[in-house]
Amino acid sequence: MTKKPDLPATAQAHAISIDLAQAFDPIAAITAPIGLNPSLAELAAFRRAVPDIKLAAREAKRLGDEAMRVRLSDLAPAQGRLCAAGLTMAALGCKAVTVIWPADNLDVADAKLALAETTGPHLLEEHDHVGMLDNELARRIRIKRAAFAVGELMLPPAPSPPGAESRGLAEWPASRFDLTTILPPRGGPPVMAQRELQRWIDRLEAAPDLGRLGDLVTRLFDTSDRLRHLARVQAGADPVELRAAAEGALIAAYLTAAQVAIRPVPKRSHAEGIRREVARVIDGRARRSDPLHMQASLRVLFDDGVWLARLIDPDRMATVTPSWTEIV
């Protein structure tokens with residue numbers, strides 16, 4: 001990986017080390033330096049300070065697997081369901097970081113592909129497979145593939161196969177980054193939630209200020225568009241720095257929108273209205289030149305948020321998926 005550039009004091013600590021394993025809301029941990037009125041230097045530093053996306057991918061799978069173990073365990077039904085929901089929300093936050101951040105380098109690309117391989121859709125397809133999917137399901141799969149896409153980045157080949165004299169075959173790598181070999185198996189009893197049950201329930205109930213997040217999404221998109229325009233027309237400006245700041249604002253906007261997308265909200269509440277408004281704003285970005293993987297990621301995350309709401313209480317929580325502009 002390339003050396004990270006020097007950062008302003010406001011961004012340095014967050015860029016060097018973010019403990020995603022302890023952060024119930026990893027998106028908030030990463031976007032902490034981006035307030036309602038960030039400076040040009042802060043946005044440019046945020047764009048250049050690539051977080052540990054491999055760690056985010058590992059935590060997305062680890063927390064998601066633990067949520068499934070809790071659901072299948074003999075914990076009290078009500079507590080187990082809420083604990084599983086808390087774990088799932090944290091997993092979705094890590095997933096959002098993985099899919100939204102651009103594929104800046106090989107580590108980020110490997111993290112995206114590894115998470116896609118373990119959570120679906122699988123990016124590879126058998127050459128003799130006959131598709132039997134209806135159009136709606138096919139579109140959803142296409143959008144999921146777009147969310148995990150690494151663009152035109154040229155990837156080196158996978159590790160070489162074992163030779164006749166090779167040893168250590170039980171741990172022989174199948175890919176450059178394989179989440180299934182570095183994490184516990186998916187089945188079995190809970191690994192960590194048994195001793196942290198109430199902690200995850202409490203964190204699920206600690207809702208952020210969705211109104212503030214909704215306003216921040218709009219402001220960050222406006223900031224990105226304005227900086228992109230200034231980079232084209234402003235005489236004497238540094239277009240490289242303006243574009244970097246514009247990309248930083250855009251990434252922060254999509255990450256903040258993801259916080260709203262995965263948050264379960266009650267039916268017919270003010271929070272549901274905020275969620276729908278953020279969906280409308282994201283819908284409107286389809287006419288912009290935003291990267292396709294960011295557009296696709298938010299559609300996937302909104303669907304994930306609906307599934308999470310059903311896990312908590314389908315009768316009480318809002319489970320309607322907003323209609324989306326077709327992007328495939």
Side-chain angles (χ1 to χ4, degrees), residues 10-11 14 25-47 89 92-93 96-97 99-102 143 147 207-234 241-266 268-306 309 318 320-327:
T10 52
H14 118 280
D25 193 340
I27 300 174
I30 287 177
T31 59
I34 308 297
L36 287 173
N37 192 25
S39 69
L40 187 72
E42 287 171 338
L43 288 172
F46 174 77
R47 174 63 187 95
M89 183 178 298
L92 291 179
V97 173
V99 296
I100 290 173
W101 201 272
I143 289 174
D209 184 349
L210 291 186
R212 176 187 173 278
L213 294 180
D215 293 341
L216 184 57
V217 168
T218 302
R219 188 169 182 84
L220 286 170
F221 276 133
D222 290 344
T223 300
S224 178
D225 293 342
R226 179 59 59 91
L227 291 175
R228 198 188 307 255
H229 175 70
L230 290 175
R232 291 195 306 267
V233 304
Q234 195 77 27
E241 199 69 8
L242 286 172
R243 290 193 185 101
E247 289 181 13
L250 187 68
I251 295 169
Y254 274 96
L255 286 171
T256 306
Q259 284 182 277
V260 178
I262 63 179
R263 166 59 58 176
V265 297
R268 294 176 293 278
S269 65
H270 178 60
E272 183 183 14
I274 295 171
R275 190 175 184 274
R276 289 182 178 275
E277 177 61 20
V278 170
R280 186 193 65 78
V281 171
I282 294 297
D283 224 8
R285 301 301 298 183
R287 68 177 68 94
R288 302 280 185 172
S289 59
D290 298 356
L292 176 61
H293 80 273
M294 292 186 185
Q295 281 276 299
S297 296
L298 260 294
R299 286 154 175 78
V300 171
L301 291 167
F302 263 101
D303 279 349
D304 289 340
V306 169
V320 176
T321 303
S323 60
W324 296 112
T325 302
E326 293 292 351
I327 61 169

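Between P102 and I251, the shortest heavy-atom distance links the atoms CD-CD1, 3.5 Å. Residues E272 and P266 share a closest heavy-atom pair of CB-O, 3.8 Å. Heavy atoms only, all atoms of each residue included: P26 and G93 are closest at CG-C, 3.5 Å. Counting all heavy atoms, side chain and backbone alike, S224 lies closest to A246 at OG-O, 2.9 Å. The two residues A258 and A96 have their closest heavy-atom pair at CB-CB, 3.8 Å. Residues A28 and Q259 share a closest heavy-atom pair of CB-NE2, 3.8 Å.
With a 4.5 Å cut-off on side-chain heavy atoms, L210 and V278 do not count as touching. Here the side chains of I282 and R299 are in contact, with some heavy-atom distance below 4.5 Å. The shortest distance between side-chain heavy atoms of I27 and I100 does not fall below 4.5 Å. Contact annotation: the side chain of D303 never approaches that of I143 to less than 4.5 Å [non-hydrogen atoms, C-beta and beyond]. Side-chain contact between L298 and M294 is absent, with no heavy atoms from C-beta onward closer than 4.5 Å. Side-chain atoms of R276 and V260, non-hydrogen and from C-beta on, never get closer than 4.5 Å to each other. When side chains are defined from C-beta on, V217 does not count as touching L213, because their heavy atoms never get closer than 4.5 Å. A 4.5 Å side-chain heavy-atom check between V265 and H270 finds every atom pair outside the cut-off.
For the side chain to side chain contact (heavy atoms under 4.5 Å, CB included) test, residues two or more places apart in sequence or in another chain that qualify with R243 are A231, P239. With sequence neighbours left out, the side chain to side chain contact (heavy atoms under 4.5 Å, CB included) criterion links E247 to R47. Taking D290 as the reference, F221, R228, L250, Y254, R285, R288, Q295 meet the side chain to side chain contact (heavy atoms under 4.5 Å, CB included) condition, with sequence neighbours excluded.
Under a 3.5 Å cut-off, the side chain of T31 and the backbone N or O of I34 do not form any donor-acceptor pair. Side-chain atoms of R275 come within 3.5 Å of backbone N or O of F302 as a donor-acceptor pair. Distance alone, capped at 3.5 Å, is enough to place a donor-acceptor pair between the T256 side chain and the A252 backbone.
One distance of note links CG of L255 with CG of L301; it measures 9.5 Å at 0.5 Å rounding. The CG atom of L36 lies 10.0 Å from the OG1 atom of T223; values are rounded to the nearest 0.5 Å. Here the straight-line distance linking atom CG of D25 with atom CG of L92 works out to 11.0 Å at 0.5 Å rounding.
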Working note: N37 + R219, criterion side-chain contact (heavy atoms from CB on, under 4.5 Å); need CA distance, chi angles, decisive distance, verdict. CA-CA 9 Å; N37 192 25; R219 188 169 182 84; 3.8 Å; yes
